[in-house]
Amino acid sequence: MTDTNNSAIPKAMIHVIDPERDKTFRALAATSGYLKAQNRYKILLKCTQCETTMEKPWKCSKCRSVLYCSPECQKKNWPTHKRVCHEVEHSSGVLKLVRMFSVNPLLMMYLKVAIVLDCNLLNNPRIGFEVPFVARVDIAFEPSDIFDFVGLYFDDKVVREKLQGMVQVNAMTPWYMGMHGAPPLTPQRLNHWHEARAKHNAEGYTKDPVGLLEFSSAGLSRDDRCITYAVSVGCHISPVILEMAMEREPFVRVCPFAGTRFKQPMSAETCLEYINIHIRADTQNQLRLRTEMTEHDREIIRAAGRDENEEPARFLREKMSREIMYHNIVRQGQGASSPETQRAKRRTRPRRSPCPFCGTWGCKGLATPIAQPNIRVCVTLDCEKGV
């Protein structure tokens, strides 16, 4: 990304095309048929009122964040729930998207490696056996087109009305016994962990650590309150995952401009980056992790660009600071909240136009985590031939 006029919003964006990206994705990704078959068996939810396990829950029609097994249980729980119930705007089918994520073997493999590294499982043999661990995974939705993301981040009014969004992991927050400053688990969470531990013991996994995995997604109520939608499930860590975490085999990446390979050390952060890159590479929605973005999804990105401190916006900025593809966007956005910068942005709006080098409207593709030698670079927005 280049900044020719020292303004906050970029005049040109360089986007990498990897000719082998789609082939690499197909080689690694789970098929839609496999994911659909597995989706029937994962994430059995419990009724908020009676804690009965259920496959097809009833939702509170107002906040859509609380689940019941029947209308009767919903009525019994209403005196308690009404104090915190707010009408919330969520992306369509958040629960379904979480289910599709949880049955994806590649995504869950790297997510669990990140959990092992962040929850101290390699250093404390009691964690996952005698005491629980919990990983809160904050998911959000970004435009599948990086140019739409840039437009939202810099509050460009020309962004399209309807945007296809994709699931992205913005943050993972670990909790384990002995962690500095960690609050005690609630009795409900502790009981949930004991049930998960007992279930996996009965299935023959007595030698494997088990914790809780909580998928969290922020929603916006009509009175602009930020409401969190969370789904908590048992998290079984297999010996293969532990071995991967111990070996820490680095990721091999490709420099977008020179085409040279470099190694990126494996850490919890780079595992999350790999997950996000894999989802972004799914242009045909094979993983079933795409949906139309809501206004609240857009506002989180705008709030991150304005440097606001609400948790969803802060998580997004932290993700952008640690993932390679956002680095130039972050640099361009530094100081973008000042009035002078805002006026400069309005004077220098980028013009969306087809790239004369490859003839497409906004070159698609990103460098994959797998080393690929054949890379060509196109300049989009205010394109210049011959780059």
Side-chain angles (χ1 to χ4, degrees), residues 16 28 98 101-102 104-124 127 133-142 146 149 153 166-176 179-182 209 211-218 235 237 240-256 261-282 289 300-301 304 307 309 311-331 333-334 366-371:
V16 177
L28 297 174
V98 168
F101 188 108
S102 69
N104 190 301
L106 185 68
L107 301 183
M108 289 302 295
M109 178 176 70
Y110 281 103
L111 181 60
K112 289 182 178 181
V113 171
I115 291 171
V116 170
L117 296 174
D118 258 11
C119 286
N120 204 35
L121 267 66
L122 298 179
N123 300 318
N124 189 339
I127 296 176
F133 66 87
V134 181
R136 169 182 159 177
V137 177
D138 286 271
I139 62 172
F141 299 88
E142 290 182 20
I146 187 63
F149 178 88
Y153 186 78
M166 59 182 177
V167 171
Q168 291 281 276
V169 177
N170 280 2
M172 189 186 74
T173 307
W175 183 99
Y176 56 90
M179 180 179 175
H180 179 70
L212 295 179
L213 175 57
E214 185 177 273
F215 290 97
S216 178
S217 175
C235 181
I237 305 296
V240 173
I241 300 297
L242 291 171
E243 184 178 352
M244 287 182 63
M246 286 187 286
E247 292 182 352
R248 296 200 186 194
E249 186 71 22
F251 294 101
V252 178
R253 303 291 297 273
V254 177
C255 174
R261 304 177 186 183
F262 65 96
K263 291 185 178 181
Q264 191 177 25
M266 176 179 281
S267 64
E269 291 77 14
T270 54
C271 286
L272 299 185
E273 183 175 6
Y274 181 97
I275 289 170
N276 291 332
I277 290 173
H278 186 68
I279 295 173
R280 186 177 292 277
D282 180 22
L289 292 175
I300 290 175
I301 300 172
D307 205 29
N309 203 39
E311 194 172 73
R314 190 174 72 251
F315 284 159
L316 176 56
R317 284 199 305 274
E318 291 170 358
K319 172 199 173 189
M320 293 174 67
S321 68
R322 68 175 181 260
E323 295 193 5
I324 293 174
M325 70 165 291
Y326 298 99
H327 283 184
N328 284 328
I329 300 175
V330 172
R331 283 197 290 269
Q334 290 175 347
L366 294 168
T368 63
I370 308 299

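No experiment lies behind these values; they were computed from the predicted model shown.
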- Message: Under the criterion side chain to side chain contact (heavy atoms under 4.5 Å, CB included), I'd like the reasoning laid out for W175 against L212: C-alpha separation, chi angles, the key distance, then a yes or no.
- Response: CA-CA 10 Å; W175 183 99; L212 295 179; over 6 Å; no

- Task: Describe, in one word, how the ring planes of F101 and F215 are oriented to each other, choosing from parallel (under 30°), tilted (30 to 60°) and perpendicular (over 60°).
- Result: perpendicular

- Query: Sequence neighbours excluded, which residues qualify as side chain to side chain donor-acceptor pair (under 3.5 Å) partners of N309?
  - Reply: none

- Contacts of type salt bridge (charged side-chain N to carboxylate O under 4.0 Å, His left out), residue E142, not counting sequence neighbours: R280, K319

- Of all residues at least two apart in sequence or in a different chain, which pass the salt bridge (charged side-chain N to carboxylate O under 4.0 Å, His left out) check with E269? none

Output the distance between atom [atom1] ([X]) and atom [atom2] ([Y]), rounded to the nearest 0.5 Å.
X: D282; Y: L289; atom1: CG; atom2: CG; result: 7.0 Å
X: Y110; Y: N276; atom1: OH; atom2: CG; result: 14.0 Å
X: I300; Y: R317; atom1: CD1; atom2: CZ; result: 12.0 Å
X: S216; Y: E311; atom1: OG; atom2: CD; result: 7.5 Å
X: Y153; Y: L316; atom1: OH; atom2: CG; result: 7.5 Å
X: H278; Y: L107; atom1: NE2; atom2: CG; result: 5.5 Å

Do [X] and [Y] have side-chain heavy atoms sitting under 4.5 Å apart?
X: I115; Y: M172; answer: yes
X: P209; Y: V116; answer: no
X: F149; Y: I146; answer: yes
X: V167; Y: F141; answer: yes

Looking only at non-hydrogen atoms, find the nearest pair between [X] and [Y] and report the distance.
X: F133; Y: C235; result: CZ-O, 3.9 Å
X: C119; Y: V134; result: SG-O, 3.9 Å
X: C271; Y: M266; result: SG-CG, 3.9 Å
X: L121; Y: I237; result: CD2-CG1, 4.0 Å
X: A245; Y: L117; result: O-CD2, 3.8 Å

- Task: Please check if the side chain of E273 supplies one atom and the backbone of E323 the other of a donor-acceptor pair under 3.5 Å.
- Result: no

- Would you find a donor on one side and an acceptor on the other, under 3.5 Å apart, between the side chain of D138 and the backbone of N170? no

- Item | Identified side chain to side chain contact (heavy atoms under 4.5 Å, CB included) counterpart of Q168 within the set I139, I279, L272 | I279

